[in-house]
There are 2 protein chains.
Amino acid sequence: MAQQTTDHVEPIHKRTLHGEVLPRLRDMIIEGVLEAGTRINETELGARLGVSRTPLREAIKTLAGEGLIELVTSKGAVVRRFTRTDVANMLETIKLFEMSAARAACTNATDAEIKALVKVHKTMVQEYRKRDRLSYYKLNQEIHSELVRLGGNPVIADLHGLIQARLKRIRYLGNQEPTKWAGAVAEHEEMIKALTERDGNALAEVMGRHMDQTLLRVKDTL
Amino acid sequence: MAQQTTDHVEPIHKRTLHGEVLPRLRDMIIEGVLEAGTRINETELGARLGVSRTPLREAIKTLAGEGLIELVTSKGAVVRRFTRTDVANMLETIKLFEMSAARAACTNATDAEIKALVKVHKTMVQEYRKRDRLSYYKLNQEIHSELVRLGGNPVIADLHGLIQARLKRIRYLGNQEPTKWAGAVAEHEEMIKALTERDGNALAEVMGRHMDQTLLRVKDTL
DNA sequence: ATAGAAAGTACTGCATACAGTATAAACTGT
DNA sequence: ACAGTTTATACTGTATGCAGTACTTTCTAT
């Protein structure tokens, strides 16, 4: 076979076990399958996931680096538990990112990118009308992530994603009351308007307000 | 069974091998002992550090989570290499953190905390006069970290620390020219002034300018 | 010589084995 | 019955062994 001798790009996916386990484990934490404070039993969880302890442990170490898991000596890995203050600080951080990205996006984003975002927004509103919380929630996350991405600083986008992941579970529980949910949708409408008009200051203002509201919406859930 | 007897906090240090290796490895990368792009040989490095492959691998996975190392399938761990753009984005992110923290610190910090920071600053200036780059550099980092901490949001402080770690090596090389170095010190003087006066806007402005200058100072080093 | 194939080397990825430690259970004396 | 002590169990932390894969070197044919 004519094997590409030199600088051929990796066939993208070679898959390692810890590489496979990592996202699954992350999801299990985010989705609450592994509740906060849970001590992870390596042998048991390994069996459940169909891998030996080694790759599982390695995935755990990575998640520890990401801040989702805490490592206690001789006791093992514990799913990190966040206090109300932690959550408030995280949302404050997200707010900082999104406000910064908002301004940048208004000058950096292409028309096509904005258009795509508007489309996602419209789909989200439809899901809201259908009262499909899960779909709504996912699209909501997507919009926020995408907007930060349009800000053009991948470092910020990464960190934003990191913190957003930590909050996923908690945030999902925030829009349970109909009035709150409606409020969130209204804020999104404003956001989209400001974005299409490329009004950076306005967008930043709405995003900030949106995040403050999110904090309030989430607060009594804790 | 009320086995809640174990409310006592862990005796702080139990030390595990990977726990010991982690900071050493991080330092090796930051200090350039392991250059960017280096493929890490597990057996060799393990021998050098006096541990077997397992704890070393685990430390590597943690650093991967922190973003200092990249994991390439079947090739192992590679010390992450940052492009000029990456560096610019990281500094931009640091700027965002520090400007935000600057304002917050001016309202949140206690007099004692500010006083302590001023003291560190004075020591730093002394080191500058002695032209002791390493001492200066460390104190500089400390001042920036501490200021962000005074902002009162630990999440931001953590992320700031994370990115600062990635930049440590590069940034160290930035103040080599005397004029650049002098400029940095002057900016610090301004910062301290604004902080003691608790003038949040002024402090944020200087910090922003300081970071922009830092970018310029570092740029041609790459 | 030089391109291509083949064998050899070296290192990662994973599993398993074992030791040390923390927690739970059983036992003892009062 | 109960506090204190001892024994047992379970699980983490680490080392080691093996398999698979990428890389290097050697060999072969033109």
Side-chain angles (χ1 to χ4, degrees), chain A residues 1-25 29 34-35 37-65 68-80, chain B residues 1-25 29 34-35 37-65 68-80:
Chain A
M1 256 315 30
Q3 49 180 123
Q4 335 287 72
T5 45
T6 38
D7 49 282
H8 82 275
V9 184
E10 280 292 314
I12 306 184
H13 276 320
K14 250 340 172 15
R15 61 185 290 176
T16 65
L17 285 188
H18 66 257
E20 303 274 319
V21 167
L22 179 58
R24 290 209 38 200
L25 194 53
I29 293 172
L34 296 174
E35 278 175 57
T38 307
R39 268 180 60 181
I40 293 176
N41 182 328
E42 295 174 358
T43 34
E44 190 231 333
L45 184 55
R48 189 133 63 106
L49 295 174
V51 298
S52 100
R53 285 179 56 213
T54 312
L56 173 59
R57 291 190 109 238
E58 298 183 340
I60 288 174
K61 294 298 180 295
T62 305
L63 288 180
L68 272 174
I69 279 181
E70 243 164 341
L71 265 28
V72 188
T73 311
S74 323
K75 284 191 185 168
V78 180
V79 179
R80 197 160 152 199
Chain B
M1 43 199 121
Q3 37 103 245
Q4 208 55 305
T5 51
T6 32
D7 253 79
H8 84 276
V9 185
E10 280 292 313
I12 306 187
H13 275 319
K14 252 333 168 26
R15 61 182 290 177
T16 65
L17 286 187
H18 66 257
E20 302 274 319
V21 166
L22 178 58
R24 291 211 36 202
L25 193 53
I29 293 172
L34 297 174
E35 277 175 58
T38 307
R39 267 181 61 181
I40 294 176
N41 182 326
E42 295 173 358
T43 34
E44 191 231 333
L45 184 56
R48 188 134 63 107
L49 295 174
V51 298
S52 101
R53 285 176 55 210
T54 311
L56 173 59
R57 293 189 107 236
E58 297 185 340
I60 288 173
K61 295 298 179 295
T62 304
L63 287 180
L68 270 174
I69 279 182
E70 243 164 342
L71 264 28
V72 187
T73 311
S74 322
K75 283 191 185 168
V78 180
V79 179
R80 194 158 154 200

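Throughout, a chain's letter reflects where its sequence line sits, starting with A, and its residues are numbered from 1. Only this structure's heavy atoms are used, side chains among them; waters, hydrogens and symmetry mates stay out.
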Answer yes or no: is there a side-chain heavy-atom contact under 4.5 Å between B/Arg80 and B/Ile69? no

Heavy-atom side-chain contact between B/Ile60 and A/Glu58 under 4.5 Å: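 No, too far: nothing below the 4.5 Å cut-off.
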
Where each residue is assigned the nucleotide of DNA chain C containing its nearest heavy atom, which of A/Ser74 and A/Leu17 is assigned the position nearer the 5′ end? A/Leu17

Distance check needed: [N] [atom2] versus [X] [atom1], whole Å only.
X: B/Glu58; N: C/dA15; atom1: CD; atom2: P; result: 14 Å
X: A/Glu44; N: D/dA10; atom1: CD; atom2: P; result: 13 Å
X: B/Asn41; N: C/dG13; atom1: CG; atom2: P; result: 12 Å
X: B/Arg15; N: C/dT21; atom1: CZ; atom2: C1'; result: 16 Å
X: A/Lys61; N: D/dT14; atom1: NZ; atom2: C1'; result: 11 Å
X: B/Glu42; N: D/dC18; atom1: CD; atom2: C1'; result: 15 Å
X: B/Arg39; N: D/dT21; atom1: CZ; atom2: C1'; result: 11 Å
X: A/Leu22; N: C/dG13; atom1: CG; atom2: P; result: 14 Å

Checking A/Val79 now: which residues fulfil side chain to side chain contact (heavy atoms under 4.5 Å, CB included) with it, not counting sequence neighbours?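 A/Val79 satisfies side chain to side chain contact (heavy atoms under 4.5 Å, CB included) with A/Ile29, A/Leu34, A/Thr38, A/Ile40 once adjacent residues are dropped.
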
Within residues 49-57 of chain B: residues closer than 4.0 Å to DNA chain C (heavy atoms):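 Residues of residues 49-57 of chain B under 4.0 Å from DNA chain C: B/Arg53, B/Arg57.
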
May I ask you to verify if any side-chain N or O of A/His18 is less than 4.0 angstrom from the OP1 or OP2 atom of C/dG13?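 Indeed not, no polar side-chain atom of A/His18 lies that close.
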
Looking at A/Lys75, does any N or O in its side chain come under 4.0 Å of the phosphate oxygens OP1/OP2 on C/dT23? yes

Tell me every residue that passes salt bridge (charged side-chain N to carboxylate O under 4.0 Å, His left out) with A/Glu70, counting only those two or more places apart in sequence or in another chain.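 Result, salt bridge (charged side-chain N to carboxylate O under 4.0 Å, His left out) vs A/Glu70: none returned.
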
Test salt bridge (charged side-chain N to carboxylate O under 4.0 Å, His left out) applied to B/Glu35 - qualifying residues, sequence neighbours left out: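 By the salt bridge (charged side-chain N to carboxylate O under 4.0 Å, His left out) rule, B/Glu35 matches no residue at all.
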
Taking every non-hydrogen atom, the tightest pair across B/Leu22 and B/Ala59: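 That would be CD1-O, 3.8 Å.
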
Any base atoms under 4.0 Å from A/Ile40, or only sugar-phosphate, or nothing? Heavy atoms, all strands.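 Sugar-phosphate contact only.
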
Only distances under 3.5 Å count here; give the side-chain donor-acceptor pairs of residues 45-54 of chain A to other protein atoms, sequence neighbours excluded, each with its distance to 0.1 Å.
from: A/Ser52; atom 1: OG; to: A/Thr54; atom 2: N; distance (Å): 3.2
from: A/Arg53; atom 1: NE; to: A/Glu42; atom 2: OE1; distance (Å): 3.0
from: A/Arg53; atom 1: NH2; to: A/Glu42; atom 2: OE1; distance (Å): 2.9

